[in-house]
Amino acid sequence: GNEIRVMVADTQTERERGLSGTSPLSPNTGMFFMFGIPGLYGFWMKEMHYPIDMIWIDQEKKIIHIESQVQPSSYPQIFVSGVLAQYVLEVPAGFVSKNLVNIGDFVIWDFN
């Protein structure tokens, strides 16, 4: 039942840049990464200045993997789901625990 305002990264350039070099996210905001096909998409914290939660979502819009409280100091570690994903949502650190987000939950979006 949570609404999140997102920036959409749906081109290769936008996905590569991600949130690198940006100011910390406001509550209930994030970046939504859209990929053309399901895959094992890895994310890192290169040039990040704040921690985030990462949520991998499959083509059925089900959450399949979560990395919480990922710190900028984790770079160059790459975080990847062990299951094919088609979308990844990055939100402020603590969002997952605060909003009781779990693997198996479904996500609904409307980009109007």
Side-chain angles (χ1 to χ4, degrees):
N2 298 303
E3 185 174 311
I4 304 167
R5 298 190 65 74
V6 297
M7 298 168 280
V8 176
D10 59 359
T11 68
Q12 185 65 27
T13 301
E14 291 169 336
R15 289 189 296 259
E16 287 175 5
R17 181 178 45 241
L19 292 170
S20 295
T22 64
S23 298
L25 294 167
S26 300
N28 295 323
T29 64
M31 180 165 269
F32 190 73
F33 296 80
M34 301 176 77
F35 298 94
I37 58 171
L40 297 175
Y41 299 107
F43 287 74
W44 60 8
M45 297 294 284
K46 184 178 182 180
E47 299 177 12
M48 288 289 293
H49 306 295
Y50 53 93
I52 58 174
D53 292 347
M54 300 175 181
I55 303 167
W56 282 257
I57 303 163
D58 70 10
Q59 63 189 15
E60 305 297 324
K61 300 183 180 179
K62 182 173 70 171
I63 296 173
I64 55 169
H65 184 75
I66 297 170
E67 293 286 346
S68 298
Q69 298 286 338
V70 180
Q71 300 295 319
S73 61
S74 67
Y75 177 77
Q77 181 179 355
I78 297 173
F79 298 88
V80 64
S81 171
V83 182
L84 297 180
Q86 191 157 351
Y87 312 97
V88 175
L89 175 62
E90 294 182 340
V91 291
F95 179 90
V96 167
S97 62
K98 178 182 175 187
N99 293 285
L100 306 175
V101 176
N102 293 293
I103 293 173
D105 291 348
F106 284 86
V107 179
I108 300 168
W109 56 79
D110 179 6
F111 292 111
N112 293 325

Please examine the side chains of [Y] and [X], heavy atoms only from C-beta on, and report whether any two atoms are closer than 4.5 Å.
X	Y	result
Glu47	Tyr75	no
Ile66	Val101	yes
Ile57	Val88	no
Gln59	Leu84	no

Under 3.5 Å, is there a donor-acceptor pair between the side chain of [X] and the main chain of [Y]?
X	Y	result
Arg15	Met34	yes
Gln69	Asp53	no
Asn102	Leu100	yes

Quiz item: What distance separates Ser74 OG from Phe43 CZ, expressed to the nearest 0.5 Å?
Solution: 13.5 Å

So which atom in [X] and which in [Y] form the shortest heavy-atom distance, rounded to 0.1 Å?
X	Y	answer
Leu25	Met7	CD2-CE, 4.2 Å
Trp56	Ala85	CD1-CB, 3.7 Å
Glu60	Asp58	N-OD1, 2.9 Å

Practice problem: Please determine, by modelled atom types, if Tyr50 and Ser23 share a side-chain donor-acceptor pair under 3.5 angstrom. | Solution: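 Note: Tyr50 and Ser23 side chains miss the donor-acceptor criterion.
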
Self-check item: Neighbour count >12 (heavy atoms, 6.0 Å) for atom NZ, Lys61
Solution: yes

Quiz item: So if you build clusters from Ile, Leu, Val, Met, Phe, Trp, Tyr with side-chain heavy-atom gaps below 4.5 Å, do Phe32 and Ile63 land together?
Solution: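 Yes.
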
Quiz item: Shared ILVMFWY cluster between Val107 and Phe33, side chains joined below 4.5 angstrom?
Solution: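 Shared cluster, no.
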
Exercise. Evaluate the side-chain contact (heavy atoms from CB on, under 4.5 Å) criterion for residues Val6 and Trp109: first the C-alpha distance (whole Å), next the side-chain angles of each, then the deciding distance (0.1 Å), finally the verdict.
Key: CA-CA 10 Å; Val6 297; Trp109 56 79; over 6 Å; no

Quiz prompt | Met45/Met54 under side-chain contact (heavy atoms from CB on, under 4.5 Å): CA gap, chis, key distance, verdict | solution = CA-CA 11 Å; Met45 297 294 284; Met54 300 175 181; 3.8 Å; yes

Quiz prompt | side-chain contact (heavy atoms from CB on, under 4.5 Å) between Val96 and Ile55, intermediate numbers included | solution = CA-CA 9 Å; Val96 167; Ile55 303 167; 3.9 Å; yes

Practice problem: Could you tell me if the ring centre of Phe35 sits under 6.0 Å from that of Tyr41? | Solution: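 Between Tyr41 and Phe35, which both carry aromatic rings, the centre distance is below 6.0 Å.
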
